[in-house]
Each structure stands twice: as structure tokens, then as C-alpha cells.
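Accompanying notes for the structure given below.
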Amino acid sequence: MLRSVILGVGSSLPARVMTNSDISKIVDTSHEWIVERTGIHARHIAGEGETTRSLAVDAAKKALVSAGVAASEIDLIIVATSTPDKTFPATATMVQNDLGIVQGAAFDVQAVCSGFVYALTTADALIRSGQATAALVIGAETFSRILDWNDRTTCVLFGDGAGAFVLKAAEGNGTNDDRGILASKLRSDGRYHDKLYVDGGPSTTKTVGFLRMEGREVFKHAVANIASVIDQVIVEAGICVSDVDWFVPHQANRRILDGVAKKLGIDENRIVITLDHHGNTSAASIPLAFDEAVRDGRIQKGQLVLLEAMGGGFTWGAILARY
Ligand code: UT7
């Protein structure tokens, strides 16, 4: 049985760090409020010349080095982003160009904060069907560019960055002992498309627009949806929550992570949390957190990892993999 094995990871953050106290000079908020309600202390904000494309390319190069895979071997690039450099073409094609890759296919996936889970599941399906043999899956965002910096209910939450995985096809025996992606589940419910959205677009306002969110409404659905999809993936794989070595969640709010952990009985020491210093980086948050935990030695080869996310649409999903 073909498996998509995670051979390498990499990430990239803009140079500039913005603390809560920096934001409190722009809008009526405080370090205490932001920490108590979200767990965020600081986030990175893209400067001039730093874009989704440049962050994605930097993360991809590091992932290729960590995987020991040459760019010339890559035949699939998927970039998960809601903040592309241009409305079209796909940022993935610009990444393909910047890496000097002339074979295979490159496209973007847009599922907001669930984008990385959607992109990884898509890449896994293309690898297992034989359409691709080596993939770069990237989550890259510059949400600072679509924030309304007068709106304290949203501008305190988000940050910029990118993370990348290199996946390669390998034969497995079809059991949970295999390395690679073992199970995944994607979900969406479009009835809630107007709870977290951007108020502009090429076909409507002909502008880019700003992020708008009914935070309390999103929060309400987040814990239930995430817990339910994790449960489905775990049942499908025939394992228990306690078998998972590391949970690498989308980083939206510390209270959401705690709520899911409590509901499913997850040991909080097994959750990788980078929210405090990254903020919510949307599709980039999972690979950014994963890369940090690989680099500091927490996530080891052969361990079981569970990735999960929920975001605009609403979209949500979870993936179980053996690293
Ligand atoms: O990644 C995609 C998914 N996104 C999410 O999962 C985000 C989900 N939502 C959340 O994380 C939370 O709802 C927020 C962090 C956005 C807000 O926290 P909350 O506990 O739901 O606060 P709230 O919206 O109920 O607001 C409570 C109070 C309000 O004042 P009143 O009406 O009680 O007087 C707000 O005006 O806090 C006020 N407030 C603020 N005060 C200081 C809202 N934003 C701020 C702020 N600083 N930045």
C-alpha cells in the first residue's frame, strides 16, 4: 500500500515581532485582555518585501533541506493560503518558479484556517493514486494585510508566517505501524460562511477587503466540531486518544485548545502550542508548530501525530500520521 511519508519540515517567520503592548498603542486593548481571552503574547508581522510567496519559498527550501530531497524531485506543490500574492495565478506556481521546478503541478487550496489540513489530505490522495511521487505542501499567510487595524476584536488575534512539509511516496504494509498519513477527515458547513469572512473580493467589490468575524459564534462551534472530527479519525484508525504522541492543532485560541483537550481527555503536555508567540497564522499555524516541535526534539521520527483545524466556511478537519 502506498503511503505519503512526511520526510521533512520547514518554516519561516517575518523578522518583525509585534507584542500585545505594541497593539495596545494602536487600538483600545491591553496585554492582560489578550492573554486572558486568547493566550497570545506576540505575533510576527510581514514587513515590506515579505509576502506570502517569499515566506512560502523560504519555508519550502528549509523543508527540502530537512528532507534531503532535491527541488528537481518535486512533482506536486500545494499552497494553502487565503492571502495569496495575487488573485491569480496561484501562489503555488510562483513558488514553483522560485524553486526552479518545471515538472509536475502546482495549485493553491483555500480553506482558511483549515487550509493546511485540506492541502495535506489532497496531496496524500494524489500521491496514493500515483499522480505524484514527491510533494511540497505549504501553509503560508500574511493575514496582517487583510486585518482592519481599527477593529480590536480581530486585529489582536492574527500573525504572519509559513510552514512546509515534504511528502514522498513509500510502500507501507497498510497498518498503523506504517510511516506516513494514516487517516484523515475533511468537513465543512457552508451555512456559516458569513461568520468569518473577508468583506471584499474580485467578483463583488473588486477590492481585497478586510477580515470580519463573529468571534463568539466561531468559538461556540470550534470546540464541538474539532472534538467530533478528531474522534472520527481516531475511531476510523482504530486507536485511542492516549495512543497519540503529539497533537498539533491549529492555533486560534488557548481556550479552544483547552476545551477540546478536556472534552477528549487529551493530556495537555502532548499538545504543541505556539499560539503565545505566533498568534493565529491561519493555514500556516500547523506546519509552523510542527516544525518548532521537530526542531526542539519533541516530535520524533516514528511517533503518532494528530493535526486538526477549524476555520472560515466553516471548514474543519483532522489528520493522523506517523512521522
Ligand atoms: O482561526 C479561525 C477560527 N477563529 C477562532 O477560532 C476565533 C474564535 N473566537 C475567539 O477566539 C473569541 O471569541 C475572541 C478571542 C475573538 C473573543 O473572545 P470572547 O471571550 O468571545 O470575547 P467577546 O467577543 O465576547 O467580547 C467580550 C468583551 C466585549 O465587551 P463587552 O461587550 O462585554 O463590553 C468586547 O467588546 O471584550 C471586548 N473586546 C475587547 N476588549 C479589549 C473585544 N475585543 C477586545 C480587545 N481588547 N481586543
Does [X] pair with [Y] as a salt bridge, N-O distance under 4.0 Å?
X      : Y      : answer
Asp58  : Lys62  : yes
Arg16  : Glu50  : no
Asp85  : Arg53  : no
Asp178 : Arg322 : no
Lys220 : Glu217 : yes

Any donor-acceptor N or O pair under 3.5 Å, side chains [X], [Y]:
X      : Y      : value
Thr142 : Asp160 : no
Arg3   : Asn173 : no
Glu292 : Thr274 : no
Ser285 : Gln251 : no

Is there a donor-acceptor pair closer than 3.5 Å between any side-chain N or O of [X] and the backbone N or O of [Y]?
X      : Y      : answer
Ser144 : Ile45  : no
Asp245 : Val305 : no
Arg270 : Ser242 : yes

Please go through Leu7's hydrophobic cluster and name the other residues, only I, L, V, M, F, W, Y counting, with side-chain heavy atoms under 4.5 Å joining them. Val5, Val57, Leu64, Val69, Ile74, Ile77, Val79, Val95, Leu99, Ile101, Leu136, Ile138, Val166

Quick one: sort the His31 and His41 rings into parallel, tilted or perpendicular, breaks at 30° and 60°. perpendicular

For the residue pair His278 and His44, categorise the inter-ring angle as parallel (less than 30°), tilted (30 to 60°) or perpendicular (more than 60°). perpendicular

Check the pair Arg212 / Asp148 against salt bridge (Lys or Arg N to Asp or Glu O under 4.0 Å), numbers first and verdict last. CA-CA 8 Å; Arg212 305 293 173 204; Asp148 176 351; 3.0 Å; yes

Connected via hydrophobic side-chain network under 4.5 Å: Leu76 and Val9: yes

Enclosure of Lys195 NZ (heavy-atom neighbours >12, cutoff 6.0 Å): yes

